[in-house]
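Next up is a structure, given as structure tokens.
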Amino acid sequence: MVARPNKEVEALLQEYADLLAITGGDAFKARAYEKAARAIGGYHADVSRLDPQELRKIPNVGKSVADKVAEYLRTGSVSAVDEARAKIPAGVREMTAIPTLGPKKAMVLYRDLHIASVQELADAIHDERLRGLPGFGPKTEENILHGIGLMQASGGRALLDVATELAEDLVAELSKLTGCRRCAYAGSLRRMRETIGDVDILVAAEDSGPFMEAFTGLPYVAGVIARGEKKTSIRTTKALQADLRVVPPDAWGAALQYFTGSRAHNIRTREIAVHHKLKLSEYGLFDTESGERTASETEEEVYARLGLPWIPPTLREDRGEIEAGLRGELPDVITQADIRGDLHTHTDLTDGLATLDDMVAAAAGLGYSYVAITDHAPDLYMQQMTDEKVLAQRERVRRLDGKHGKTRVLHGTELNIGPDGDVDWPAEFLAGFDLCVASVHSHFNQSGEQLTRRLVRACENPRVHIIGHPTTRLIGRRPAIDADLDAVFTACARTGTALEVNAQPDRLDLSDEHILRAKRHGVRFSIASDAHSVLHLEHMRYGVGTAQRGWLTKDDVINAWPLGRLRRFLQRRV
Ligand code: DGT
Ligand code: CA
Ligand code: CA
Ligand code: ZN
């Protein structure tokens, strides 16, 4: 788990970088703060425990960054950041988050037209007030409106890691209180939807008072939205809402079932209850005739009383799980414990933060049987990969293999699928890798036909084993590419190419619905962290959640297989 101070410092430095970029200051300086922010966010040690000398050992952290971090840890704020904030309205900072707009254009809009919020910008475009402003043609307007649409489609919903970190913290704090019989998070987070509207926390206790009190008094509470005996809602400093409900212990199972949802799933379970002459609500499962409460203490009991097996929360979307449960044919979905290794990771040889040794040690620490190191290939120019560098890395990988307990180290690469479907190196060179992931990193706006052909050609390359983050979407920032995915899935199944379920919380790519579709074509999957730091290896859990939502079992997932079976899968293609 990332230490909270690191996350706070990361957010602060990133904000400072944005502010510098908006004011049109030194671009190099803005980039430097951005890099420092990422490095601290991904650093393995809690920065609040480090002295200035130790701070400066973090990659990309120099004296001025270290001073600001120290000031923040000492006083809770940084004067340079406060000054920069004062110069720019909050609405303008929000505008910089619009995909394709960026800080420079946002500042022009503010300076020349006094546009100071996302809504004002949308209105100005509709009123054609941007016409004549240098650098803002009709195409730019269209892009901005599209970007605003994307932003609003995510509707201020939080990514899975942000919501999970908050929820786990809330559960830990509330579980400490005396009288807490049970505590868990429910809602869309328990179902592991890709974005989270609000966090729903449930406590079983006789007396709700102390829990409501503690909940509203936590340090990151920015405001109390509503406070009652049964339910209290807060807003956190990260603008995320959390609801706490305290329920009687003997209604725990029914309440947890109800507040886990989804609404669509609950409608089905309530109907089934009615057929059994029962009434199911957040207060319990009741016998309709006698009005007495039955079987409400655990979810298992509730489902059993309805003639259903316990259904994993990730399946509760009314996508066939009720029918499958009634037939006794629920899939045995993959779990974190089934994962035997990670097949997509980066080191500091390209854009990762950790050394090869640290990444392998961390993978071993997670108990993995194997880990593949897959740094970027040369066509991603800014990573400056060369044949020499990657071959030298291979030597080091071979030496490390077997040095970390039972964890085997595979040498791979993340290739770039070029505009025509070609990849970086010739076949002979690729043959030296144990594993090749191939991903689209450029030319996202080709036509649907071009994109489809490009991905299909990559699948047909016998040296390509896995298509990385197949749609390249970034949640709330970049839509999926326009390829014909069914054609791609068919090609994967035909050529024995696996599709990645990229576990980075802003990717989750493939998404649950795409996984369901791909699985019908008979495709195999690799659930991968795409870690760029030691801590990111733990993002695997979000990929596993997404895979569960796509009904995958361990047989569908190549990194849930023993190494021997995985190697046969990798080798049978050439
Ligand atoms: P979110 O917060 O938008 O990401 O999605 P959820 O699913 O967490 O929705 P939320 O927080 O409004 O409510 C949590 C759960 O409570 C929801 O999944 C099902 C249950 N629930 C809430 N209101 C209703 C309702 O009016 N009818 C039914 N059947 N269930 C409800
Ligand atoms: Ca919720
Ligand atoms: Ca809620
Ligand atoms: Zn990539």
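In each ligand, atom 1 is the first atom listed, and ligand 1 is the first ligand listed.
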Atom name of the N, O or S atom in E414 that lies nearest to the Zn ion (ligand 4):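 That would be atom OE2.
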Heteroatom of D243 nearest to the Ca ion (ligand 3) (N, O or S, atom name): OD2
Ionic contact status for E299 with R316, cut-off 4.0 Å: yes
Of all N/O/S atoms in D198, the name of the one nearest the Ca ion (ligand 2): OD1
N/O/S from H469 sitting under 2.8 Å away from the Zn ion (ligand 4): yes
Parallel, tilted or perpendicular: rings of H539 and Y542 (30°, 60°):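 If you compare the ring of Y542 with that of H539, the planes turn out tilted.
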Metal proximity, H441 vs the Zn ion (ligand 4), N/O/S cut-off 2.8 Å: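 Yes - counting backbone and side chain alike, H441 has an N, O or S atom under 2.8 Å.
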The Ca ion (ligand 2) contact by D200, N, O or S atom under 3.0 Å: yes
Under-4.0 Å salt bridge between D357 and R396: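 Looking at R396 together with D357, the answer is yes, because their closest N to O distance falls below 4.0 Å.
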R319/E513 ion pair, N-O < 4.0 Å: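 Judged by the 4.0 Å cut-off on N to carboxylate O distance, R319 and E513 do form a salt bridge.
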Plane angle bin for H376 and H532 - parallel if under 30°, tilted between 30 and 60°, otherwise perpendicular: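 It falls in the tilted class, 30° to 60°.
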